Visitor: 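Submitted below is the structure of interest, expressed as structure tokens.
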Number of protein chains: 2
Amino acid sequence: MKLEDPAARFRRFARAVTSEVGALNSSFLGRGRPLGAARMLNAIGRGRSDLADLRSYLGLDSGLASRLLRELEGEGLVATRPDAADGRRRVIRLTEAGCREFDAYERLSNSRAEVVLARSPNAPALLAAMDLVANTLASDRLCIDEVHPQSSEALYCLREYYAELDRRFEGGFEVARSRDPDSGDMVAPRGTFLVAMIDDLPLGCVGLKRTGESCAEVKRLWVSGSARGLGIARELMVSVEEAALSFGVRKLVLDTNRALEEALAMYRAWGWREIARFNDDPYADFFFEKMLAG
Amino acid sequence: MKLEDPAARFRRFARAVTSEVGALNSSFLGRGRPLGAARMLNAIGRGRSDLADLRSYLGLDSGLASRLLRELEGEGLVATRPDAADGRRRVIRLTEAGCREFDAYERLSNSRAEVVLARSPNAPALLAAMDLVANTLASDRLCIDEVHPQSSEALYCLREYYAELDRRFEGGFEVARSRDPDSGDMVAPRGTFLVAMIDDLPLGCVGLKRTGESCAEVKRLWVSGSARGLGIARELMVSVEEAALSFGVRKLVLDTNRALEEALAMYRAWGWREIARFNDDPYADFFFEKMLAG
DNA sequence: GAGGATATCTGACCTAGGTCAGGTAAATGA
DNA sequence: TCATTTACCTGACCTAGGTCAGATATCCTC
């Protein structure tokens with residue numbers, strides 16, 4: 001191997017992972033069903049009930065999809081019926097037996113995953129590395145969703161966010177001591193809460209909280225360490241500004257801590273202006289505002 | 001996604017990487033040759049000239065391998081002739097045209113690799129993550145080879161080793177200031193130099209240098225950060241002790257620095273006994289010996 | 001030098017996966 | 001209302017990949 005050549009290192013990675021993925025795929029064959037049918041069963045089990053959707057997700061020709069579907073139907077694993085709203089479409093769901101078969105596949109891939117993870121002396125580091133790779137490879141599938149601040153995605157982000165603040169702030173961080181501990185009113189029309197996800201894994205968040213008729217505060221901007229540099233913070237801020245505008249907000253404010261240097265640099269670069277302290281949060285050192293041009 | 005579930009995170013990784021690898025594989029199809037033939041051409045180009053070896057490496061049936069080979073032969077890309085030593089065997093090599101075709105595939109996969117790496121804001125971190133994943137997945141392919149201390153593998157390891165010492169020692173590290181800067185005499189029978197590799201990437205090394213008839217010094221034990229915890233240091237030490245025994249050495253000594261805490265713990269756990277300073281190396285703080293039971 | 005082992009080749013056959021040209025029935029729009 | 005579009009199905013056909021049972025030539029061992 002040309003030791004310093006990044007392409008060679010990437011190809012080594014691809015080789016290692018290909019053989020692992022190959023083993024995973026061929027382990028599905030133990031259930032006496034070709035891979036295509038197993039993949040379709042899996043996709044249906046994950047809630048894809050629309051055939052056209054299935055087709056495009058699995059990248060199948062309409063004839064092939066139809067045949068695979070009939071195969072599963074013949075085994076009694078799925079049932080289809082015409083869509084009530086559009087008689088041409090067919091709605092697909094797993095039968096009782098289909099659910100059992102789906103669960104069997106789930107257990108298979110989970111156990112394979114666990115075998116691999118068990119091989120690692122340091123599973124958290126391995127998972128972090130896998131996240132970083134997956135985030136980079138799939139960065140074009142980034143999506144920003146509005147969620148309830150009590151949803152599991154939001155709670156996960158906030159937990160990670162607080163843990164990171166606790167690591168980075170000199171004296172640690174406790175939510176209860178911050179000025180504004182609850183995220184309950186970050187719900188439209190009093191605010192919003194956005195989560196950035198790639199392939200269903202939340203990687204960043206931002207909250208918005210109205211403080212007046214045309215004024216709101218941006219809070220809890222966070223991006224996972226495994227997704228830094230992909231422009232997620234930027235996307236979140238653009239989205240939250242759009243949301244604010246849609247509420248009729250014209251002025252945004254925020255506060256932040258001196259330990260969060262990258263954030264400070266970003267705010268300055270993205271048109272935020274430093275202003276005087278406007279609250280007594282013990283963790284806040286810097287204060288910014290931004291006027292929105294509607 | 002069940003956010004805390006490692007298996008789900010692993011599967012997300014597998015999905016992301018599968019689609020990437022799929023894209024890489026299908027990019028090979030642009031050269032009008034099925035994947036199997038392309039893989040065989042690639043393996044031949046990498047120096048596998050023995051058909052049986054090719055077969056087992058690519059996991060092919062003898063009939064299939066023979067057919068693919070004839071296909072490539074028909075295209076004029078490879079030439080075969082009977083093995084001089086064993087007339088049943090055939091020796092395979094690329095023709096002029098085959099080399100050109102091989103190079104074209106090389107360029108293809110390199111350019112795909114570069115596209116992916118360019119997508120990353122921090123290519124070194126991405127490569128480190130890929131190395132960690134590949135090392136873990138392929139840890140059963142670890143092999144320990146004796147190499148010349150001037151070989152490219154050894155020089156790579158030493159460079160990485162010195163760089164790590166420079167990061168970890170309080171006042172930095174300069175080879176020239178160490179007591180024993182050259183590795184030139186770590187060659188049998190005066191010593192040896194071992195490199196640990198997984199899939200051709202060097203991940204660790206250790207040197208042995210005789211200091212007397214039945215005494216030798218262990219030097220330059222290093223394991224890459226992307227491969228810690230896989231037991232490589234242990235394997236290297238076992239191998240170097242075996243090598244020492246084969247030279248008739250009965251007593252090993254070594255020195256190390258207080259910053260290398262894991263190493264200190266390992267030496268103690270593996271039967272090394274702390275002894276008095278035996279040299280004036282400015283970087284050495286601890287001194288150990290171990291008697292070998294032949 | 002006979003008999004068995006080994007390396008490769010050949011032809012017959014199979015499956016999974018995929019393409020394509022219609023066909024049917026429902027929905028849509030002028 | 002009627003032509004067009006859409007969603008799905010069907011049958012014919014193809015390729016890549018893979019298995020298997022011999023056939024052939026060479027090697028090894030006694």
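Per chain, numbering begins at 1; letters A, B, ... match sequence-line order. From a predicted model like this one, the values you see are computed outputs, not experimental measurements.
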Visitor: Check whether any side-chain heavy atom of F28(A) sits under 4.5 Å from a side-chain heavy atom of R39(A), and report yes or no.
Guide: no
Visitor: Please determine whether salt bridge (Lys or Arg N to Asp or Glu O under 4.0 Å) holds for the pair R89(A) and D50(A), giving the CA-CA distance in whole Å, both sets of side-chain angles, and the decisive distance to 0.1 Å.
Guide: CA-CA 8 Å; R89(A) 294 188 123 88; D50(A) 186 276; 3.3 Å; yes
Visitor: Listed in order of residue number, which residues of residues 68-77 of chain B have a non-hydrogen atom at under 4.0 Å from DNA chain C?
Guide: R70(B)
Visitor: Please report the end-to-end axis angle for the helix from dG1(C)-dC30(D) to dA30(C)-dT1(D), five pairs per end, rounded to 10 degrees.
Guide: 10°
Visitor: Do M197(A) and L203(A) make a side-chain contact, defined as non-hydrogen atoms from C-beta onward lying under 4.5 Å apart?
Guide: no
Visitor: Let me spell it out: for each of L51(B) and G59(A), pick the nucleotide of DNA chain C with the closest heavy atom. Which residue's pick is nearer the 5' end?
Guide: L51(B)
Visitor: Distance only, no hydrogens: is a donor on one side chain within 3.5 Å (strictly under) of an acceptor on the other, for R228(A) and N122(B)?
Guide: no
Visitor: Is it true that, when you exclude R33(A) itself, more than 12 heavy atoms of the residues, nucleotides or ligands shown sit nearer than 6.0 Å to its CZ?
Guide: yes
Visitor: Before giving the answer on side chain to side chain donor-acceptor pair (under 3.5 Å), spell out for R119(B) and T136(A) the whole-Å C-alpha distance, their side-chain angles and the decisive distance to 0.1 Å.
Guide: CA-CA 7 Å; R119(B) 212 183 302 166; T136(A) 308; over 6 Å; no
Visitor: Do N135(A) and R12(B) get their side chains close enough for a donor-acceptor pair, meaning under 3.5 Å?
Guide: yes
Visitor: Indicate yes or no: does E106(A) engage R11(B) in a salt bridge with an N to O separation below 4.0 Å.
Guide: yes
Visitor: Sequence neighbours left out, what pairs pass ring-ring contact (aromatic ring centres under 6.0 Å, His included) with at least one residue falling in residues 125-157 of chain B?
Guide: none
Visitor: For DNA chain C, which residues in residues 79-87 of chain B have a heavy atom at a distance below 4.0 Å?
Guide: none
Visitor: Could you list where the contact with chain B starts and ends along DNA chain D, reading 5' to 3', using a 4.0 Å heavy-atom cut-off?
Guide: dA16(D) to dC27(D)
Visitor: CG of D50(B) versus C1' of dA7(C): gap in Å, rounded?
Guide: 10 Å
Visitor: Of all of residues 30-42 of chain B, which get a heavy atom below 4.0 angstrom from DNA chain C, listed by number?
Guide: none
Visitor: Would you say the side-chain atoms of T80(B) and R90(B) include a donor-acceptor pair closer than 3.5 Å?
Guide: yes
Visitor: Quick one, E101(B) and L41(B) - any side-chain contact, counting heavy atoms below 4.5 Å?
Guide: yes
Visitor: Contact between V78(A) and R93(A) at the side-chain level, heavy atoms closer than 4.5 Å - yes or no?
Guide: no
Visitor: Consider side-chain contact (heavy atoms from CB on, under 4.5 Å). Of L54(A), I92(A), L58(A), which one does R48(A) pass it with?
Guide: L54(A)
Visitor: Roughly, in whole Å, what's the span from CZ in R67(B) to P in dT10(C)?
Guide: 10 Å
Visitor: Atom CG of D61(B) to atom P of dA7(C): distance rounded to whole Å?
Guide: 15 Å
Visitor: Hey, does R70(A) have a side-chain heavy atom less than 4.5 Å from the side chain of S66(A)?
Guide: yes
Visitor: Taking C-beta and beyond as the side chain, do V187(B) and T192(B) meet within less than 4.5 Å on heavy atoms?
Guide: no
Visitor: Quiz question: going by heavy-atom distance under 3.5 Å, is there a donor-acceptor pair between the base of dT8(C) and the side chain of R88(B)?
Guide: no
Visitor: CZ of R90(A) versus P of dA26(C): gap in Å, rounded?
Guide: 12 Å
Visitor: On DNA chain C, does the nearest nucleotide to A65(B) precede the nearest nucleotide to L64(A) from the 5' side, or the other way round? Give the residue.
Guide: A65(B)
Visitor: Are the side chains of V133(B) and V17(A) in contact, using a 4.5 Å heavy-atom criterion?
Guide: yes
